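I have placed the structure first, in the form of structure tokens, so that the comments after it can refer back to it.
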Amino acid sequence: MSKDSWALAVDVQEANAVEVRNVFWENSENGGRRRQADKVDLAEQSLLNKLIRRSLVRNRNQVEVLQRDPTSPLYSVKTFEELRLKPELLKGVYNMGFNRPSRIQENALPLMLAQPPQNLIAQSQSGTGKTAAFSLAILSHVNPANKWTQCLCIAPTYELALQIGQVIEQMGKFCPDVKLAYGIRGNRLNRGVKLQEQIVIGTPGTVLDWCTKYKFIDPKKITMFVLDEADVMIATQGHRDQSIRIQRQLTKDCQMLLFSATFEESVWRFAEQVVPEPNIIRLKREEETLDTIKQFYVECREKEDKFTALCNLYGSLTIAQAVIFCHTRKMAAWLTAHLTTEGHQVAMLSGEMTVEQRAAVIERFRNGKEKVLVTTNVCSRGIDVEQVSLVVNFDLPVDLDGNADNDTYLHRIGRTGRFGRRGFAVNMVDSTHSMDIIKQIEMHFTKCFGMHHPIKKQLDPIKKQLDLLPKFDLSSFKDLLFPCFH
Ligand SMILES: Nc1ncnc2c1ncn2[C@@H]1O[C@H](COP(=O)(O)OP(=O)(O)OP(=O)(O)O)[C@@H](O)[C@H]1O
């Protein structure tokens, strides 16, 4: 790869842009330079998260609750029984294997089920139980005897809407009279029909058409409106306005609930437009640190040299599990092909794969079928595999200007303090520029954490203090890495 190649910082983009791109320049055959983009949109990322997640994301951060009426008592529940749910619904919850409410559910559920109805804006990271929470609120809210739509739920894409629908169907398994319909493109109904399903889940465009153009739904009879994935919603062209137009059709007594995994200023402004007089619940993400990570760098001359270094490390990589990060999918493909030719079994995540294919690769990796995963930054979102104890930055993370991308570095190798899993990071340095980047990263984290987290060139001097992964054989690292140093 050319030395001046660069990649966008994913975290920055996620906050600002419509889509996440990993962009790079490469020399084309006719000598010109070509721009390539590895795109993953936020809705896909969110779907990927849902497809691969089977349990709650553990989180120790405190929930912040901001009540509209600060004088009213703050309810929180530790058990589902306390919510006084219909028995068939409680059975559905237990049937899903939920024993007790998650952190966010402890506070959000009593608020959502309160009488008179309360509006809510809730933010917590992906996987903390938001979907399950509002699914329970929806099922508890609707009256099965009334054969009209009472609850509208909108999500950014067809696939995300289906995921929510599946949770509601599973949770409502013992509530046979509650029905749901999907307001998604391609789901055509005859003109003049009035929907009898109590719940409609869909995408903003279709749901808006069903309410206004086709009148399959009477928006004045909607008593609960749920907007999921607000951050993804506003990043999708048109969805923001359509969501607001749906909301304007509803009565002022309709209960409005909005959920988001992140809360930048733009999401906040949107949320305030959609949810009047809200109660607010926030659960902050646990900070990642480098405290338990041993970091090294290896000096190489060019990519072939980096490849040799990697092959030398390979035996150690596969004792535990490793993720290797490349700038671009082209580099990831090159590396995967070469590792495979050498007889190594590796998995690769690539931007060309469908979200289902990516989920399947992550699943196999999680189950240990492959020990090494090669990926680009963009594709790696959604991977949180506890047994990954080694991260290799085959290419160092840089931002648009070619400077060190510290956030991405932390995201790749950092761990949440609580679980404190030990880790090991190897950075491949192949130019004076990348040496400069490694220095920038080191300085940044020293300043930032007020503590020196050295990125060592040699393994040997600190080898003795490394009580690393129990099964890790460091001697092989040392011997095999050194040939690569200048
Ligand atoms: N109380 C609970 N007990 C055990 N598991 C739960 C509980 N609530 C949710 N889960 C499970 O945790 C996982 C994440 O939950 P959920 O999908 O509701 O989170 P989320 O915050 O909506 O995530 P996303 O933002 O990705 O949609 C799911 O597999 C879900 O079945």
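Remember, it's a predicted structure, so these values are computed and weren't measured experimentally. Whatever order the structure lists ligands and atoms in, that order sets their numbers, starting from 1. Starting from 1, each residue takes its place in the sequence as its number.
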Could you list the atoms of ligand 1 found under 4.0 angstrom from a heavy atom of [X]?
| X | answer |
| --- | --- |
| Gly127 | 14 (C), 19 (O), 20 (P), 21 (O), 23 (O), 24 (P), 25 (O), 26 (O) |
| Arg100 | 1 (N), 2 (C), 3 (N) |
| Thr128 | 19 (O), 20 (P), 21 (O) |
| Phe80 | 1 (N) |

Q | side-chain hydrogen bond (donor to acceptor under 3.5 Å, both in side chains) partners of Tyr94, counting only residues at least two apart | A | Glu81
Q) Can you name the residues that form a side-chain hydrogen bond (donor to acceptor under 3.5 Å, both in side chains) with His344, not counting sequence neighbours? A) none
Q: State if Ser102 counts as touching ligand 1 under the rule of any non-hydrogen atom under 4.0 Å.
A: yes
What about [X]: any of its N or O atoms under 3.5 Å from an N or O on ligand 1?
| X | value |
| --- | --- |
| Met96 | no |
| Ser124 | no |
| Asn99 | no |
| Pro101 | no |
| Thr131 | yes |

(Q) If we check side chain to side chain contact (heavy atoms under 4.5 Å, CB included) with Leu66, which of these qualifies: Ile280, Ile121, Asn279? (A) Ile280
Determine whether more than 12 heavy atoms belonging to other residues, nucleotides or ligands lie under 6.0 Å from atom [atom1] of [X].
| X | atom1 | answer |
| --- | --- | --- |
| Lys194 | NZ | yes |
| Arg245 | CZ | no |
| Lys91 | NZ | no |

Q) Centres of the Phe134 and Phe259 rings: under 6.0 Å? A) yes
Q. Relative to ligand 1, is Phe134 under 4.0 angstrom through side chain, backbone, both or neither, heavy atoms considered?
A. neither
Q) For ligand 1, is any non-hydrogen atom under 4.0 Å from Ala132's backbone (N, CA, C, O), its side chain (CB onward), both, or neither? A) both
Q.
Quick one: does any side-chain atom of Glu264 pair with a main-chain N or O of Thr262 as donor and acceptor, under 3.5 Å?
A. no
